Chemist: 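Below is a structure I'd like to ask you about.
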There are 2 protein chains.
Amino acid sequence: MRRGVAIDYVIWHTLQRYPNVEAVPVVTMADVAALADVSTATVSRVLTGRPGVGEATRQKVADAVERLGYRPNAVARSLRVDTTHTLGLVIGDICNPFFTELARAVEDAANAEGYSLILGNADEDADRQERYVDVLLNRRVDGLLVVPAVAHSDAIAMAVRQHAPIVFVDRELPGINVPVVRSNGRKAIRDLVEHLLTLGHRRIAIISGPEQASTGVERLTAFREALGVAGVPLPVDYIRHGDFQEVSGQVQMAALLALDEPPSAVIAADNLMALGALRTLRRGGLRIPQDMALASFDDSPWFELLDPPMTAIAQPTKEIGSIAVQTLLELMHRRAAPSRLLDCRLMVRSSCGEAANVRKN
Amino acid sequence: MRRGVAIDYVIWHTLQRYPNVEAVPVVTMADVAALADVSTATVSRVLTGRPGVGEATRQKVADAVERLGYRPNAVARSLRVDTTHTLGLVIGDICNPFFTELARAVEDAANAEGYSLILGNADEDADRQERYVDVLLNRRVDGLLVVPAVAHSDAIAMAVRQHAPIVFVDRELPGINVPVVRSNGRKAIRDLVEHLLTLGHRRIAIISGPEQASTGVERLTAFREALGVAGVPLPVDYIRHGDFQEVSGQVQMAALLALDEPPSAVIAADNLMALGALRTLRRGGLRIPQDMALASFDDSPWFELLDPPMTAIAQPTKEIGSIAVQTLLELMHRRAAPSRLLDCRLMVRSSCGEAANVRKN
DNA sequence: CTGAAAGCGCTTACAG
DNA sequence: CTGAAAGCGCTTACAG
């Protein structure tokens, strides 16, 4: 077997170099060069497809590579050329389908441009976020996409000061001037509120994100404005702050139900909190939408199949991901890149009531 | 501002070195050493916390690091110490909640051991899988976890021959001898079939995985055995092969419905195909479980909230992830590590019928 | 068309 | 306790 012979050669070779180590032979470019009887410079040239190598030589090298099962050491290459062809993405929570879909979109876009992606999951936690930003930058990713999980980040501030190419996705950080690619929920939220008003709802509450999260704030503001225009009051008790994770949706929905005058409709600012809210309603035996209407920011493949199908605001996730990567590439080439705001779409289903049986309260 | 001064120093320093480049200054260990007036060896010692450095020296170095905003180059370090403190994970499909949860568990376990994780999404595609395995190995991850997406992989076979530490998760590859960590669905599937039989079902079909996928085969075999024991026939038409993604669930359910004698119950071999099957049923206006019972392999947080709540087999995902990492670490230390098989649990909900209203057909 | 040599930014024996 | 120097595995001017 040819390959066996080649590998044995390497083992032997390695044992020569490290006579008293239980060798796990790792083939280097020097091994290839030796076997092909050329210099490492030449091996490097054929491996990177650089022109100006004789056909015969090229073949000799290719054979040696094949026989030895040579695996280029990307770490060494990166050190030399000062580029890793890797992008980093720090997301808020890998269990949140929105981020999952985003990661998928970013990965596709990155691959299409010849980059691989290292994914960091901050889990909506400040420390984990800081750690990941540093780790990825130390690993010398060529560019970094981050969904900031907290109001303030020393790691990011420092990185920006050092001119690391960074773009924010989905959320942003006050006072840090990097391009942001995200969706603008304003219009869709206005549509949603209108939808609720048409269905007769007048007591509408919101389970928003953390007070520091930019997306949370924006969604809340848009909500407040939409109600204001319609002249519908928004009691402070109707504004709940969750943390974008499921349990907070459960808790805040329970808190709303415990109010003297509970709302008749609730909007959750992300899909996990909507899931939590729904769970609380179900456990309490409440009917949707008769006892409580519920809508969600973020759509999901599951929503159509829930009981009842959930009305939701869909973000253009794929687009966000690919535009974010494009933006990052611009930055990496030291070109200016603008922030981008993309529109959302309201998906009317039946969790807020049917247009048919409009109700008054 | 101290930091401003320090950075200006670096810019100046860098410009000295590269007078005609629009400098993006990157601070190196040599810069720190120069500022602290020590050797790089000493800087390295304090940075890696090695003992035997005078307190005064240590402080000088720490100050310089701080002032310059020094960021260690992990690429250079890796080349030198021949370890990256990184694990790789190649999953089948990042949009599949099972893999997402798995990735989360693996990441947690890896972080706990001081490793970061590079995630590759094969998207159930052979080429993408091969590419990722190579890319990750070239990047010199210290170990690799893979959910093999196809029946045969040259990249993996080669890597194993080169003694790369690899463990399979969730699925395995025939003829490749590496530890496997996955769940054993046999018992839970037997429970599920029993559950269906008790409810009166006699025409039970399965939407299995691809014929080459080990998990698909195992689940199918367990299903066939369980029916065999009960003396219930399994027509060939009742065995459908999907690809673990949603659309195939839709298609195969439609095929089952088109049969002369359609089944009264269907088991989908993963959660995405279950979702697809459910969608087809809903679009066709069929009632569940009256017109068709449906159960899923893989549980999901959504299942409890579906219409109707879906009966499912839950895998111990967290455990699979953490045990897989432990197993990989053993391998990395060149210790033998056994394969591990973990039990699943049947979560009875109402998509197959209530125990109350048992039916006969 | 090909090779010798320098160098990327670290770490680590080896001396002192 | 500290430093000079070699070397990890590549790539790339520079010569020839």
Side-chain angles (χ1 to χ4, degrees), chain A residues 10 13-14 17-18 20-21 23-61 64-65 68 70-85 137-140 142, chain B residues 10 13-14 17-18 20-21 23-61 64-65 68 70-85 137-140 142:
Chain A
V10 176
H13 187 78
T14 304
R17 289 189 295 179
Y18 311 102
N20 40 17
V21 166
V24 177
V26 39
V27 183
T28 133
M29 200 174 237
D31 297 320
V32 175
L35 188 59
D37 200 32
V38 297
S39 72
T40 58
T42 296
V43 175
S44 175
R45 284 189 193 100
V46 349
L47 253 38
T48 53
R50 233 169 287 285
V53 181
E55 188 42 39
T57 313
R58 186 178 300 278
Q59 196 53 54
K60 263 196 310 184
V61 170
V65 164
L68 296 178
Y70 171 67
R71 185 182 290 291
N73 184 328
V75 171
R77 167 164 232 281
S78 289
L79 177 60
R80 182 54 232 243
V81 302
D82 196 32
T83 185
T84 54
H85 271 275
L137 256 16
N138 290 355
R139 291 253 152 90
R140 296 305 194 259
D142 294 334
Chain B
V10 176
H13 187 78
T14 305
R17 288 188 295 178
Y18 312 103
N20 40 17
V21 167
V24 178
V26 39
V27 182
T28 132
M29 200 175 238
D31 297 320
V32 175
L35 188 59
D37 200 32
V38 297
S39 73
T40 58
T42 297
V43 175
S44 175
R45 285 189 193 102
V46 350
L47 253 39
T48 53
R50 232 170 288 284
V53 180
E55 189 42 39
T57 313
R58 187 178 298 279
Q59 196 52 54
K60 265 197 308 183
V61 171
V65 164
L68 296 178
Y70 170 68
R71 186 183 289 291
N73 184 329
V75 171
R77 167 163 232 282
S78 289
L79 176 58
R80 183 54 231 245
V81 302
D82 196 33
T83 184
T84 54
H85 270 274
L137 258 15
N138 290 354
R139 292 253 151 89
R140 296 302 194 259
D142 294 334

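Naming convention: chains lettered A, B, ... in sequence-line order (proteins, then strands); numbering from 1 in each chain. All values derive from a computational prediction rather than experimental measurement.
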Chemist: Which nucleotide, D/dC1, D/dC8, C/dG3, lies nearest any side-chain atom of B/Arg80?
Modeler: D/dC8

Chemist: Nearest-Å distance, CG (A/Leu79) to P (C/dC8)?
Modeler: 9 Å

Chemist: If only side-chain N and O atoms of B/Thr57 are considered, is one of them under 4.0 Å from the OP1 or OP2 phosphate oxygen of D/dT2?
Modeler: yes

Chemist: Between C/dT11, D/dG3, C/dG3, which one does the side chain of B/Val38 approach most closely?
Modeler: D/dG3

Chemist: To the side chain of B/Tyr70, which of C/dT11, C/dC10, C/dT2 is closest?
Modeler: C/dC10

Chemist: Does A/Ala41 or B/Met29 map to a spot on DNA chain C nearer the 5' end, using the closest nucleotide for each?
Modeler: A/Ala41

Chemist: In whole Å, what is the span from the CG atom of B/Leu47 to the C1' atom of C/dC10?
Modeler: 11 Å

Chemist: For D/dC10, take OP1 and OP2 only and decide whether either is under 4.0 Å from a side-chain N or O of A/Ser44.
Modeler: no

Chemist: Could you check whether the side chain of A/Arg45 and the base of C/dG3 have a donor-acceptor pair of N or O atoms closer than 3.5 Å, going by distance alone?
Modeler: yes

Chemist: Do you know which two heavy atoms are closest between B/Leu68 and B/Val27, and how far apart they sit?
Modeler: O-CG2, 3.5 Å

Chemist: Grab the CG-P distance between B/Asn73 and C/dT11 for me, whole Å please.
Modeler: 10 Å

Chemist: A/Arg50 CZ to D/dT12 C1': how many Å, rounded?
Modeler: 8 Å

Chemist: Answer with base, sugar-phosphate or nothing: what part of the nucleic acid does A/Gly54 contact at a heavy-atom distance below 4.0 Å?
Modeler: sugar-phosphate

